[in-house]
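See below for the structure under consideration.
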Amino acid sequence: MALIIPEKELIIIKKHAAEIFPFEACGGLLGMISGEDRIVVVAHPAQNRYGKIAWDSFEIEPGDMLEMDKVSRRENLDILGFYHSHPNHPAIPSNFDINASWPFYSYVILSVKGKGINDVTDIRSYLFPDKNSQPVFEEIIFK
Ligand SMILES: [Zn+2]
């Protein structure tokens with residue numbers, strides 16, 4: 001069971017996190033489920049509804065959610081999950097993340113320390129089967 005992120009989408013996500021630094025970036029991950037794995041096909045950068053938040057709250061703008069929904073239908077993809085950055089913080093879910101999580105979705109967290117793509121120092125994915133238990137680590141395979 002793994003989340004597969006192609007190189008091209010990985011770069012989109014990293015660039016977004018670095019550009020928005022020192023604020024928190026967020027976006028959607030669209031793709032398909034193949035057996036036990038989730039394959040990301042489109043990374044969709046979005047606006048953070050909370051605006052310029054240094055850390056740690058994010059919510060995707062409703063307009064971006066609609067757009068992702070439209071792209072998913074058109075390309076026959078599913079919304080697999082979401083990514084967001086933790087500027088100057090480790091890629092570990094915050095209490096906010098746990099409380100705002102939904103089961104099913106993959107939550108990718110990027111730790112970012114600056115405005116360069118190489119300043120993204122850690123990327124991890126988590127599943128939150130239920131709010132009363134600990135997040136579950138999900139393996140990421142970069143392709
Ligand atoms: Zn977070």
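Values reported hereafter were calculated over all heavy atoms of this structure, with side chains retained and with hydrogens, waters and symmetry mates removed. Note that the numbering runs from 1 along the sequence shown for the chain. Start at 1 and go down the list; that is how both ligands and their atoms are numbered.
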Using modelled atom types only, decide if a donor and an acceptor are shared between the side chain of Asp122 and the backbone of Ala91 within a distance under 3.5 Å.
no
Asp97 OD2 to His86 NE2 via the Zn ion (ligand 1), rounded to 10°, gives 100°
At less than 2.8 Å, would any N/O/S atom of His84, backbone or side chain, sit next to the Zn ion (ligand 1)?
yes
Presence of salt bridge, Lys115 and Asp119, under 4.0 angstrom
no
Do Ile109 and Ile92 have side chains that approach each other closer than 4.5 Å (heavy atoms only, starting at C-beta)?
no
Do Lys143 and Glu7 come within less than 4.5 Å of each other through their side chains, counting heavy atoms only?
no
Please give the atom name: the N, O or S atom of Asp56 nearest to the Zn ion (ligand 1).
OD1
